[in-house]
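Before any comments, here is the structure.
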Amino acid sequence: MHMNTFCALHHVLFSPEGNLAAMGDAALNRVGKQRQVAMTVPVFSGVCRAVSESDLIALVPAQLARKVAKTFELKVFEPPMHIEPALIIGIWHKRSDNAPMAAWMRSQVFELMKALDLDS
């Protein structure tokens with residue numbers, strides 16, 4: 001998609017906090033551009049649904065876009081600018097560091113998250 005087309009269209013933005021800017025906007029700012037955010041949605045599934053039922057577009061993680069494109073009848077395009085991959089981290093209170101159930105749960109989550117690692 002051409003940069004000017006991308007910026008002229010109205011966007012749905014994933015933002016649990018209701019912010020009007022995110023990583024995509026920072027990437028656009030680096031190339032001197034900005035987009036038009038028409039609405040924010042607190043969950044990615046809501047972003048995909050909003051796009052499927054309107055003339056809006058959205059930036060979503062590539063893995064999610066590929067997974068839901070058929071279900072939501074979406075066309076998937078590469079964004080016209082480079083966006084750094086999101087850093088996903090795990091944090092927990094030190095008192096649960098050695099708790100067997102908490103350690104097991106973390107290991108399960110980290111194993112599932114490996115599929116999202118773009119470096120592998």
Side-chain angles (χ1 to χ4, degrees):
M1 180 178 294
H2 189 269
M3 177 69 80
N4 290 338
T5 302
F6 180 83
C7 292
L9 294 171
H10 291 90
H11 294 245
V12 179
L13 174 66
F14 164 71
S15 175
E17 302 86 13
N19 297 330
L20 295 177
M23 293 173 60
D25 299 283
L28 284 168
N29 287 338
R30 285 193 289 276
V31 295
K33 299 286 186 178
Q34 65 181 40
R35 64 180 171 165
Q36 300 181 57
V37 175
M39 69 184 291
T40 64
V41 179
V43 293
F44 276 121
S45 61
V47 171
C48 297
R49 182 164 306 286
V51 169
S52 74
E53 297 175 359
S54 70
D55 61 351
L56 301 171
I57 67 170
L59 290 170
V60 298
Q63 300 94 327
L64 175 63
R66 287 190 296 269
K67 185 173 178 102
V68 303
K70 187 174 180 180
T71 301
F72 285 102
E73 298 179 354
L74 301 174
K75 291 187 179 181
V76 178
F77 299 90
E78 290 288 325
M81 71 289 192
H82 175 73
I83 303 173
E84 292 294 325
L87 176 63
I88 301 173
I89 61 170
I91 61 171
W92 55 90
H93 194 278
K94 64 182 177 182
R95 74 175 162 251
S96 68
D97 234 9
N98 296 318
M101 289 302 291
W104 176 84
M105 179 58 77
R106 285 192 300 273
S107 72
Q108 297 301 301
V109 171
F110 294 154
E111 188 62 33
L112 288 168
M113 296 301 288
K114 284 182 183 178
L116 299 178
D117 189 357
L118 297 177
D119 294 333
S120 57

Query raised in the report: Are side-chain heavy atoms of L20 and T40 found at a separation under 4.5 Å?
Result: yes
Query - Joint hydrophobic cluster, L74 plus F14, side-chain heavy atoms closer than 4.5 Å - result: yes
Requested in this report: Name all residues meeting the side chain to side chain donor-acceptor pair (under 3.5 Å) criterion together with D97; count only those two or more places apart in sequence or in a different chain, and write none if there are none.
Outcome: W92
Query raised in the report: Which is it for V12 and M39 under the side chain to side chain contact (heavy atoms under 4.5 Å, CB included) test, yes or no, and what are the steps along the way?
Result: CA-CA 5 Å; V12 179; M39 69 184 291; 3.9 Å; yes
Query raised in the report: V47 and A58: which non-hydrogen atoms are nearest, and at how many Å?
Result: CG1-CB, 3.4 Å
Query - Min side-chain heavy-atom separation S54-H10 under 4.5 Å - result: no
Query - Pairwise distance CD(E111) to OG(S107) - rounded to 0.5 angstrom - result: 8.0 Å
Query - ILVMFWY cluster, V76 and F72 together (side-chain gap under 4.5 Å) - result: no
Report summary line: d(D25 CG, K33 NZ) to nearest 0.5 Å is 14.5 Å
Query - Side-chain heavy atoms of L13 within contact of R35, under 4.5 Å - result: yes
Report task. Can you run down the side chain to side chain donor-acceptor pair (under 3.5 Å) pairs that involve residues 78-89, sequence neighbours left out, and say none if there aren't any? Result -> H82-E84
Query raised in the report: Considering all heavy atoms of both residues, which atom of S96 and which atom of A102 are nearest to each other, and what is their separation?
Result: O-CB, 3.7 Å
**Report entry** Crowding at CE, M105 (>12 non-hydrogen neighbours, <6.0 Å)
**Finding:** no
Report task. Check whether M1 and I83 end up in the same hydrophobic cluster, where Ile, Leu, Val, Met, Phe, Trp and Tyr are linked by side-chain heavy atoms less than 4.5 Å apart. Result -> yes
Report task. Hey, could you give me the CD/NE2 distance between Q34 and H11, rounded to the nearest 0.5 Å? Result -> 10.5 Å
Query raised in the report: Got a sec, which hydrophobics cluster with I89, joining ILVMFWY side chains under 4.5 Å apart, including via others?
Result: L87, I91
Query raised in the report: F77 and L56: same hydrophobic cluster, using ILVMFWY side-chain contacts below 4.5 Å?
Result: no
**Report entry** Residues F6, L59; criterion side chain to side chain contact (heavy atoms under 4.5 Å, CB included); working and verdict
**Finding:** CA-CA 10 Å; F6 180 83; L59 290 170; 3.8 Å; yes
Query raised in the report: Are L9 and M81 linked, directly or through other ILVMFWY residues, by side chains that come within less than 4.5 angstrom of each other?
Result: yes
Report task. Taking atom CD of E73 as the centre, report whether more than 12 heavy atoms of other residues, nucleotides or ligands fall under 6.0 Å from it. Result -> no
